[in-house]
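A note on names: the letters A, B, ... follow the listed sequences, proteins ahead of strands, and every chain is numbered from 1. Remember, it's a predicted structure, so these values are computed and weren't measured experimentally.
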There are 2 protein chains.
Amino acid sequence: MSRTDDVVDGIKRMILEGELRPGERLPVEKELAETLGVSRGSLREGVRALSILGVLNTRQGDGTYVTALDVSRLLAPMGFVVDLQDQGQTRHVHAIRRLLECEAARLAATGITDEALDEAEALLDEAGRLLDKAPEEHERVIEIDIAFHRVIAAHTGNPVLIGMIEALAGRTVRERLWRSLREEGVDRRTHQEHIAIWRALRARDPEAARIRMANHLMEVEESLADLPPVRPR
Amino acid sequence: MSRTDDVVDGIKRMILEGELRPGERLPVEKELAETLGVSRGSLREGVRALSILGVLNTRQGDGTYVTALDVSRLLAPMGFVVDLQDQGQTRHVHAIRRLLECEAARLAATGITDEALDEAEALLDEAGRLLDKAPEEHERVIEIDIAFHRVIAAHTGNPVLIGMIEALAGRTVRERLWRSLREEGVDRRTHQEHIAIWRALRARDPEAARIRMANHLMEVEESLADLPPVRPR
DNA sequence: CGCGAACGAAAGATCAGACCAATCTTGCAC
DNA sequence: GTGCAAGATTGGTCTGATCTTTCGTTCGCG
């Protein structure tokens, strides 16, 4: 058990026992180092690790604070995992993503608000216009795609689900995908699938939403399946 | 962008570009620090963070190595997230766990081997004996419970699913649960539910396995629902 | 020749002290 | 009352030293 682990466990314990609450400020480095019985260097290693894990948040000249401990932030490092997986694992990641997003669609069908439906419709309208008039605006199309899925996740009422979907469907996976596919005409098909999902949501039909989402992601996976490996060297 | 972030991104990049392969050893601290243009202290902070994330693995007197980058290891810090969630989020975590474990049961029904079925049967037999003859052996019963679920997850063929279930259904959640429930007679009911799952698996019936697992976890959640909050202070 | 113990090199672990940079607080001038 | 500037506070970084663990080698014994 290294000193740094002492620091991590010590701070974690302080949070779990309510000694430190979300948003609260930690003692200054020198003082906390003495409390935990380590040098400032070791303390900093532990604090840094917790920062990267999304538990702490340091601001030079100000202090170190406990984050809100919201799931999205704490799950963000998971995106890291996805990045590091080799090509062989991609389909497994996508299988989980499909599972989570289908559940999200199902839940959103009953929980989504009229405002959110309007928002999603606006996104799809913009995507439709771009496909017709400015097919080169691929970056924006990708943004819209991500935003559309995010609106759905946001209305599931389950923050853990939101966080996991964000982590799995994050920028990297999507980018890698789209970059490989931009030549194809799949973006138009994707758009149609999105519309089908949206209609199911508007009808407040959970089963339809789930099925449409499942179909959409399965198409995406299929497009991915026969791509050449991208792992360099 | 702090120096430590440079270190994290630098090492991550080296891995992604194949400059560093899983299992490979990193340059010594002094040398790597020079390469990345930071001091040894900053380098160590970054390396430590990546260690805690399961990407690197340091051994005093030997060196620092890239891990196998297996999903289980990389997903382990997610258990940390679960620990830090306040009581209000528990049901959301369990909802996801149910989703994942149901899928695991469904997949395992077609993929499980006869040997694994025997192994699971042995576990359930032992649990049954303990319930009859040594009800005080609660620790062992919990171990068996975890092991049973692990056997199922292990035969889904999806390592990402395995990792996520491990992280979500980890020791802590289960412990908190069982500690609160040991007075009740629920452990016997849980045992019966496990048997029902096992039978569905033996019959290689995916739908039955999924349903039995769903029922099992729903019972668990229900038992949890009306517990008093444990968050101290 | 084979094997085991002791030694030494190498690498990470930890510490202490100094200085830098960003931020916040305080108090003075207008 | 407002605005700005100086000082105090706090995290960020660097340097250099010492400690601990591990691994490889070498030496001596059988």
Asks: If only side-chain N and O atoms count, and only distance matters, is there a donor-acceptor pair under 3.5 Å linking A:S72 with A:E166?
Replies: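 Distance-only check fails for A:E166 and A:S72.
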Asks: Please confirm whether the shortest side-chain N or O distance from A:S42 to OP1 or OP2 of C:dA13 is below 4.0 Å.
Replies: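 Result: no.
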Asks: Just compare C:dA11, C:dA13, C:dA16 and give me whichever is closest to any side-chain atom of B:T58.
Replies: C:dA13
Asks: Could you give the CG-to-P distance, from B:L50 to C:dG12, as a whole number of Å?
Replies: 14 Å
Asks: Rounded to the nearest Å, what distance is computed from the CG atom of residue A:L43 to the P atom of nucleotide C:dT14?
Replies: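 The distance from CG of A:L43 to P of C:dT14 comes to 12 Å, rounded to the nearest Å.
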Asks: Please find the pair of heavy atoms, one from A:V160 and one from A:L75, that lie closest to each other, and give the distance.
Replies: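 Looking at all heavy atoms of both residues, the closest pair is O-CD2, 4.0 Å.
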Asks: Identify the heavy atoms of A:I165 and A:A153 that sit nearest to each other, and give their distance.
Replies: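 Shortest heavy-atom separation between A:I165 and A:A153 comes out as CD1-CB, 4.2 Å.
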Asks: Take the protein atom CD of B:E31 and the nucleotide atom P of C:dA10, then report the distance between them rounded to whole Å.
Replies: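 The answer, rounded to whole Å, is 13 Å.
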Asks: Could you say whether B:G63 or A:M1 is positioned toward the 5' end of DNA chain C, judged by the nucleotide with the nearest heavy atom to each?
Replies: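 Going by which nucleotide is closer to the 5' end, it is B:G63.
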Asks: How many whole angstroms separate atom CG of B:L56 from atom P of C:dA13?
Replies: 11 Å
Asks: Check every nucleotide of DNA chain D for an atom under 4.0 Å from a heavy-atom of chain B, then give the first and the last such nucleotide from 5' to 3'.
Replies: D:dT13 to D:dC23
Asks: Identify every side-chain donor-acceptor pair in residues 116-124 of chain B under 3.5 Å, counting partners at least two apart or on other chains, and give the distances.
Replies:
none

Asks: Measure CD/B:E45 against P/C:dC15 and give the value in whole Å, please.
Replies: 14 Å
Asks: Which part of the nucleic acid does A:R40 contact within heavy-atom distance under 4.0 Å: base, sugar-phosphate only, or nothing?
Replies: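 Result for A:R40 = base.
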Asks: Check B:H194, B:E103, B:H149 against B:M213 for a side-chain contact (heavy atoms from CB on, under 4.5 Å) and give me the one that passes.
Replies: B:H149
Asks: What nucleic acid atoms does B:R59 come within less than 4.0 Å of, heavy atoms only: base, sugar-phosphate, or nothing?
Replies: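 Since only primed, P, OP1 and OP2 atoms lie under 4.0 Å of B:R59, the category is sugar-phosphate.
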Asks: Using whole Å, what does the distance between atom C1' of nucleotide C:dA16 and atom CZ of A:R3 come to?
Replies: 14 Å
Asks: Using a heavy-atom cut-off of under 4.0 Å over every strand shown, decide if A:G41 touches base, sugar-phosphate, or nothing.
Replies: nothing
Asks: Among C:dC15, C:dA21, C:dG12, which is the nearest nucleotide to the side chain of A:Q60?
Replies: C:dA21
Asks: For A:N158 versus B:A95, what's the shortest heavy-atom pair and its separation?
Replies: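 Minimum heavy-atom contact is ND2-CB, 3.7 Å.
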Asks: Taking all atoms of both residues into account, what is the closest heavy-atom pair of A:L168 and B:M164, and its distance?
Replies: CD1-CE, 4.3 Å
Asks: In whole Å, what is the span from the CZ atom of B:R44 to the P atom of C:dT14?
Replies: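 It works out to 6 Å between those atoms.
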Asks: What integer distance in Å separates A:E29:CD from C:dG17:C1'?
Replies: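 Between C1' of C:dG17 and CD of A:E29: 14 Å.
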